[in-house]
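Report on the following structure.
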Amino acid sequence: MKIIVAPDSFKGCLPATDVAHAMADAAREACPSCIVTELPLSDGGEGTLDVLSAVLGADIHFARVPDPLGGAVSARFAVKGELAVIEAAQACGLSLIPPSRRNPLIADTKGLGELIISSYGCRCRRFLVALGGSGTCDGGAGMLSVASVREILKEVSVTILCDVDNPFIGPEGAARVFGPQKGASAQDVEILEGRMVAMAARILEETGTDVSRIPGAGAAGGLGGAFVAYSGAEVASGIETVLQMVGFESELAGADLVITGEGRSDSQTLRGKVPMGVLRHSGGIPVALVSGSIESDASMKAAGFRYVAEVTPPGMKLEEALRPDIARNNIQNAIVKLLSGLI
């Protein structure tokens with residue numbers, strides 16, 4: 001029996017590589033004769049840098065850059081020849097901001113601009129930028145305020161990875177949809193929307209590109225639109241790009257089961273997160289969804305997942321479940337239980 005283990009990270013707890021290791025170890029325990037292949041994945045959010053740098057055999061570099069609130073953070077980026085892999089969340093991620101201080105009215109993307117400068121200084125001329133997990137909604141204003149960034153964006157080739165199609169402004173735009181997730185009150189959202197409208201007008205005047213309704217321009221608080229307008233960036237699906245780069249479909253040959261998962265599976269999962277990408281590309285091979293928590297088993301099975309298993313035991317408090325050692329143990333127990341019923 002051949003099993004492919006292809007999970008996303010359990011955000012706030014374990015990176016995708018650790019989740020894949022835990023699942024694979026448990027699969028080998030439950031089925032010693034099985035062939036188990038580990039393929040940690042990401043959809044363009046946090047963890048993309050780790051997954052792609054491993055696949056590419058890229059070198060990891062560090063740059064001291066501003067965090068979203070003007071402090072400092074040691075941000076990583078990867079370099080392989082002329083290619084730089086940049087994860088926006090390394091510089092302006094929501095995870096860099098304590099919950100009590102989350103405020104997209106003041107958080108900005110200057111740190112990402114500094115990462116671009118550092119990558120360019122490593123002779124990179126092609127940029128792959130993962131936009132997920134940002135804690136900002138400044139339309140890219142902070143990034144563009146960094147000296148030389150605009151000039152660099154004109155000289156390099158940029159591909160941005162995102163899996164949302166939200167426009168820059170409007171009811172489905174960056175401020176109204178993602179602002180509350182980043183700490184914005186209802187009043188804050190209206191202020192942010194006004195700023196985004198003004199930013200769209202400024203971008204149109206400076207570049208001739210109307211980002212207001214472009215699908216995906218609202219990704220990462222408007223960074224999607226800024227990259228498209230100032231660099232002519234190609235917009236690519238995060239999960240589709242990662243699946244292609246890790247050679248997912250070629251690894252499926254002879255597989256009998258694919259196991260995927262994430263920290264929480266809910267309605268957002270069905271809109272293009274890692275598990276859905278895995279399901280779409282599994283070519284009829286049964287797919288098991290093993291996640292930290294699952295909003296609705298029925299909806300996941302209706303989407304096409306053959307098996308569904310929730311990792312966190314009933315009654316366990318979230319803060320305990322998020323402890324890496326506890327999460328790892330819970331994942332392994334869930335996998336052993338799942339496979340024991342199948343083999």
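For the single chain, residues carry numbers from 1 onward in sequence order.
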Sequence neighbours left out, what pairs pass side-chain hydrogen bond (donor to acceptor under 3.5 Å, both in side chains) with at least one residue falling in [range]?
{"range": "residues 214-236", "answer": "E206-Y230"}
{"range": "residues 109-125", "answer": "T109-D138, Y120-E155"}
{"range": "residues 55-71", "answer": "none"}

Item to check | Over 12 non-hydrogen atoms of neighbours within 6.0 angstrom of CD in E172 | outcome: no
Checklist entry - Should the heavy atoms of other residues, nucleotides or ligands under 6.0 Å from CD of E205 be counted, would the total exceed 12? => result no
Checklist entry - Under 4.5 Å between any side-chain heavy atoms of L41 and D8, yes or no? => result no
Checklist entry - Are side-chain heavy atoms of V258 and I3 found at a separation under 4.5 Å? => result no
Checklist entry - With a cutoff of under 4.5 Å between side-chain heavy atoms, which Ile, Leu, Val, Met, Phe, Trp and Tyr residues group with V336? => result none
Checklist entry - Going by side-chain heavy atoms closer than 4.5 Å, which hydrophobic residues are tied to L204, directly or by a chain of links? => result none
Checklist entry - Are the side chain of E87 and the backbone N or O of A130 linked by a donor-acceptor pair below 3.5 Å? => result no
Next on the checklist: If only side-chain N and O atoms count, and only distance matters, is there a donor-acceptor pair under 3.5 Å linking K182 with S134?
Outcome noted: yes
Next on the checklist: Whether the S95 and E46 side chains hold a donor-acceptor pair (N or O, under 3.5 Å, no angle test) is what I'd like checked.
Outcome noted: yes
Next on the checklist: For S212, give me all partners under side-chain hydrogen bond (donor to acceptor under 3.5 Å, both in side chains), at least two apart in sequence or on another chain.
Outcome noted: D210
Item to check | Cationic N near anionic O, under 4.0 Å, R28 to D25 | outcome: yes
